[in-house]
Amino acid sequence: MATTSPNLKAEARIPLWRDVRVLAVIGQLIALVLVLAGIGWLVNNFLENAETQGLKIGFDFLNTTAAFDISEGIDYQATDTFGRALWVGIVNTIRVSFLGIILTTLLGTILGIARLSSNWLISKIATIYIEIIRNVPLLVLLFFLYFAVILKLPAVKDSIQPFGLPIFLNQRGITLSGLEPTVGFPVWLAFVVLALILVMALWTIQSRAEERTGQPSNKLATAVVAFLLVIGAGWYVTSAFISDQAFMAVASRNIDRYEDFEAIYMLRVDDDALKDTGMNAQLIDSLKTPEDVLNLQGELAQQISQADAAGEDTSVLSSQLDILKDASITVCGVENSVGIVNAASQLRRKSIQVKVKDENSIAKAGKNYASGDCDVLAGTGSELAAERALLDDPQAHEIISTPISPLVVNTPAPAGFNIQGGNKLSPEFAALLAGLVIYTSAFAAEIVRAGILAVSKGQSEAARALGLTEGQRLRLIVLPQAMRVIIPPMTSQYLNLTKNSSLAVAIAFPDLVAVGNTVMNQSGFAVQVILVFIASYLTLSLSISAFLNWYNKKVALVER
Amino acid sequence: MATLSHTQDTSLTTSNRFELDIPEYFRNTVFNSIWRVVFAILMVAANIIIIRATFTAKPVGLSFFLAPNGVVTPLGNAILFLTNGALLTSIIVILWLVGLVAVVISAGRHHWPGPTQWLKDSLYTGPFGAMVTLAGVTLIVFAIRGLLSWAVFGALFSTNPDAVKLLKDVTPGAIWGVIGANTKLFSVGQFPSEQIWRVWASLGIVLLLAALSLLAWNFSSPLKAFRKVLVWLWLLSLPAILWLLYGLPGMETVPTLRWGGFLLTVVLSVVGVVVSFPIGLMLALGRRSEVRGVPYLWMYGAGLLFIFWGVAGFPSEPVTLNIPVLFRDPPIWVVTLSPVAYALLQAIFIVGIFWSIGYFLGGNIIKAFSVAYIEMIRGVPLITVLFMAQILLPIFLPKDVEIDNLLRVTVGIILFSAAYLAENVRGGLQAIPKGQYEAAMAVGLSNAQSMRLIILPQALRLVIPAIVGQFISLFKDTSLVSIVGLLDLLKIAQVVVAQPDWLGLQRETYAFVALVYWIFSFAMSRTSQRLEKKLGVGQY
Amino acid sequence: MLSDNDIIICEEVHKWYGEYHALRGVSTTVKEGEVVVIIGPSGSGKSTWIRTINRLEEHQKGRIIVDGTELNNDLRNIQEIRREVGMVFQQFNLFPHLTVMQNITLAPINVRKWSRDRAEEEAMKQLERVKIPEQANKYPGQLSGGQQQRVAIARALAMQPKIMLFDEPTSALDPEMIKEVLDAMQELAESGMTIMAVTHEMGFAKNVANRVIFFDQGNIVEEKPPQQFFDNPEEERTKLFLNQILHH
């Protein structure tokens, strides 16, 4: 049995300065006091300075009129509030970050896989790209892209069209074609969903039949055909029966569709003026359709350039060409609206020359139509009805509804010194997006490469031993496992991209920091705007991290 | 992988028979899938387009000196000949064909002399590989041709503004005078010319220390004992150089707003990393602290709340709060709270913060502060931190303290770098096995002693590569100070391009700036990789 | 040689990890000079228990008294106990950035405040005791596992402790190096050191121990001199365990 030693200090009071628990707590308390004292000192200074410098506290300024313009983004006018302006900035940041993340993932994956290619040339090119980009600061890259590349593109009327596609590159930005959904789009989407369900059902039925009978069926062909049939039917039905678009023109029994403007157009071709310039009467008579006019224009243009090269006088030919070009049908409407796009494309399809006079509201367009500036007013049926009511003689004008497909292609076309239609990316947006993607994808490529290399060779060997093809091996074995290694560092690259989008302030793209900077200067509420910065970026970062953490957990290996 | 022949090769010696079933090969690699056929067609089409374009490429533009007044010099003619599009394309195609034939013959004879094995494995990996190689080589050669044409053959190298003005229109390429004429601005900004010797002196000090360090750390003797001294010398050299540049007593002062260009970039990066290091170290230790926190922390919160009410008064009137909700219209949500509700809100807020620290972080205030600082700084962009420093520092410091813009921006850089450094150091600390802490404790060392003698020496050694990486990043990130008005290398470039003599030469200037950054970043990362290897092989 | 002095006293020692009850009322005493070997299944808490003796783990209930000093929250007590108790770990835990000599002299210089000469003299003595004096200026990474563990023993001994704790000292060693470490431990035991060792080496337990303790589910199940323990275990659990491990 143990004998208690005389030295035992049973339940003795431990002096506080030696008690480990107390020492730990004291450290914390000292830290607490320091932190609070620090905060208190800062707040004190702030209040003092606020008094003398007239700094304002509170967020009321968010309701004040902003009185400055923002060059791009969601709906905004200078009469909107500072709060609205900041929101426009946030949406722009989200827009460029979202697109940037998607494009970076694509480009980074391609580069990463390219670096692992067995083709020496491809892997060297990828390596050199990565090594160059990684060692250049993003801001320098941005400046180069913006000032030395995009702003040095030619003027609008000399736009570069790569491969003759309807993509216009010029110093005012990049104009692409876009698809725009119209009123029938949701209905057509329902058809698409229906088609998918049908295809899945057919696939399952045919697969079961395969298993039962052991005979391969042509389920792929059936699926594709069925899918195309259903969405084709949906397209037809939606185009024919669902439309809110219409156009208004002077009432005439002959005009039921856009195509009917052919006759009016041909009338506009000034035959007399052509005769006056000395054009062959037979030639003038041969102009029966808009295609003829267009062809003649082309011929004249060719003759002019030939004559130019030969140093001959081109005044006659030029005036003839001008007369032909003068003939046109003018369409009024809201700029970039479905109605205008549809009208322009329908008319152009018939080779009819179109002049578009667009405004930013239907009211102004209506006024143009009322003052006789245009032949056609395009818009939705209800808009046109309202405008017609405002006309002097409503009965003299008729509203004709036009069918509209669920998706309308918005193709840019040169029009004088401008380009009309299409989706325009400002040079700032283009430069920022390009810079972010080019820069971040270099790092993303390394991450992808490391992820693929991290999948042990044994996995690939087992896959090959089982007889899987190279593609199957990559798709089913390597990539899923690589994802687990790739996701965490990729997350931080996405976050970096989102934060780097703030460099927009250097090239005048109105992201959050750029707009916020203006707001700070205009309103003087520096502290509050900075708080908005911090809150917004933290929210964005946390959202992206949270989403990717969830995805990471989903694909994590199930371990004991 | 498709084999080029499926007949059995019974002899191991060089076979003189040629066994190659070409149709079979194509059937296996190209025609066995519709997608591959489509892809093959696309590749062939692409190659044809590329070759046609490069064959008919316009000749390179020659500068005035290679073709004065349109009369081409012999050198110019030579260049035109060598860079002729048709010539280059033909050479490339011929070489490609030669390689192709060599690979095919070798495959047929199962004998791979010389480089043919490498050609097959790396360049002619299959029908698609071969075509990619052709397209790739052509594109690369012509890209280089274009670059040389712009940067060399068509370029004007004179730094005389008058000559440049004269010859600008006949120079199809780069006008490098913009760089040459402004080297002082690029390197030291507006540093007074008579005092530039100080910059040279500083550079000399750095090179001397570097040479000594190379000796001391490379060969095992004799300067090994000097290592500790050298470390101290390095640490002292930083304030010494800064002081020298600014102006030692008895010398004329060069105000910091005249420091610019590459000098400023280097000073900001070095000061940033060095000063942020101890701060980052403390933050890392703070974040890892597992010290049992204050129990019942929320009680302290409650205490603070009552003090607050004592000083500012318990709310007695209804209060209207303007809560910014930006996506609404109007963007402020106006909420009126009764006095009781407001008091409740204050209570929830203040006590809530303390309670959450108690619940989530075990009441550890130090850890809470470290985590809050690190996560906040790392969650926002650097430009925001710089704005914060620029704008908030004067507001939150006492009225009579004046700090100039450079100092404010430097503080911003330091605060930013400290957060990232903290995470790197924390990684190093986490890498030390728990057993080291336990052994130190078991043998009787106190907390402070075990940190100083055991943990930190090991952690820092692990972390050095990450710290060097941090320095390289910071070196590139200092380009952002151009946005807040400091005349660093990038800002100088903008200034130079705005000068009337050198208007519109953005390409040359930004390309130059990019090149400078690239050279230094690349050199530093290569050195750091070698350093990593050495440390790994080193002592343990 | 066992003296009559109870150098380690454990009374109803409990420890919880959150909800998990790791030590459930351990009570025993160790006499000065006694060699106690502790065996048991993994996860039973044996390592946790000996780590509470030098406060690498903290016990929430009960009392531990080491050489007359109670192990409580008193910083002075803790430091005193740690000076008198040496520990050897399964993973050696030598300091990789210091030489063998520096590893051993670090604590005597910084904790016992000895002069460098005195510390180095003592260090060489201990190195000779574990039979590797020639390794004094090498780095741990240059030594074999067995040599590293012997350096760890020398490091602990340089502090002249009264008690040595061993936490599975040979589990991380290649088979051919186990003997050299066990020999060192045996020499230590024969010189009269009080030893508590957690190990799987049954040979050592049979030949060197004064008492064998079977530890399971957080408490002592059976403790007996080795002869009686291995030939005549009383408890069912002990018999089960012995069956499993002695049945290669």
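Throughout, protein chains are lettered first and strands after them, A, B, ... in sequence-line order, and every chain is numbered starting at 1. What you see is a predicted model; the values in this text were computed from it and never measured.
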* **Side chain, backbone, both or neither of A/Ile122 within contact of chain B (heavy atoms, under 4.5 Å)** => side chain
* chain A contact via B/Phe354 - side chain, backbone, both or neither, heavy atoms under 4.5 Å -> side chain
* What part of A/Val532 gets closer than 4.5 Å to chain B, counting heavy atoms only: side chain, backbone, both or neither? -> side chain
* Proximity breakdown for A/Ser118 and chain B, heavy-atom pairs closer than 4.5 Å -> both
* Is it the side chain or the backbone of A/Ile26 that comes within 4.5 Å of chain B heavy atoms, both, or neither? -> neither
* Check each atom of B/Leu304 against the heavy atoms of chain A and say whether the ones under 4.5 Å are side chain, backbone, both or neither. => side chain
* Please look at B/Ile140 and chain A and tell me whether the side chain, the backbone, both or neither of the residue comes under 4.5 angstrom of a heavy atom of that chain. => side chain
* Side chain / backbone / both / neither for B/Ser482 at chain A, heavy atoms under 4.5 Å -> side chain
* **Under 4.5 Å from any heavy atom of chain A - which part of B/Thr509** => neither
* To do: Go through the atoms of B/Ser479 and report whether side chain, backbone, both or neither lie under 4.5 Å from a heavy atom of chain A.
  => both
* To do: Not counting sequence neighbours, list each pair that qualifies as a salt bridge (Lys or Arg N to Asp or Glu O under 4.0 Å) and has a residue in residues 124-134 of chain A.
  => A/Glu131-A/Arg134
* Asked: Among B/Gly286, B/Gly126, B/Pro398, B/Ala493, which has the most heavy-atom pairs under 4.5 Å with chain A?
  -> B/Pro398
* Heavy-atom distance under 4.5 Å to chain A: side chain of B/Ala511, backbone, both or neither? -> both
* To do: Please step through side-chain hydrogen bond (donor to acceptor under 3.5 Å, both in side chains) for the pair B/Asn364 and B/Ser289, ending with a clear verdict.
  => CA-CA 8 Å; B/Asn364 194 330; B/Ser289 136; 2.7 Å; yes
* Pull out the residues in residues 493-503 of chain A that come under 4.5 Å of chain B, heavy atom to heavy atom, sorted by number. => A/Lys499, A/Ser502, A/Leu503
* **Interatomic spacing from CG in A/Asp511 to CD1 in B/Ile383 - rounded to 0.5 Å** => 10.0 Å
* To do: Please state whether the side chain, the backbone, both or neither of B/Ile483 comes within less than 4.5 Å of a heavy atom of chain A.
  => side chain
* Please work out whether the ring planes of B/Phe520 and B/Phe475 are parallel, tilted or perpendicular, with thresholds of 30° and 60°. => tilted
Hey, can you pull the donor-acceptor pairs under 3.5 Å for the side chains in residues 368-382 of chain B, sequence neighbours left out?
residue, atom, partner, partner atom, Å
B/Ser370, OG, B/Ile366, O, 3.0
B/Tyr373, OH, B/Leu415, O, 2.8
B/Glu375, OE2, B/Arg287, NH1, 3.2
B/Glu375, OE2, B/Arg287, NH2, 3.4

* Asked: Checking B/Leu480 against chain A: side chain, backbone, both or neither under 4.5 Å from a heavy atom?
  -> both
* Output all residues satisfying ring-ring contact (aromatic ring centres under 6.0 Å, His included) with B/Phe387, sequence neighbours left out; order by chain, then residue number. => none
* Per-residue contact mode, A/Leu42 against chain B (heavy atom under 4.5 angstrom) -> both
* Asked: So which part of A/Asp80 gets closer than 4.5 Å to some heavy atom of chain B, the side chain, the backbone, both or neither?
  -> neither
* Parallel under 30°, tilted from 30 to 60°, perpendicular over 60°: which one fits the rings of A/Phe147 and A/Phe143? -> perpendicular
* Among B/Thr384, B/Thr125, B/Leu490, residue most engaged with chain A (heavy-atom pairs, under 4.5 Å) -> B/Leu490
* Atom group of B/Val137 that falls short of 4.5 Å from chain A, counting heavy atoms -> both
* **Check: A/Phe82 ring centre within less than 6.0 Å of A/Phe525 ring centre** => no
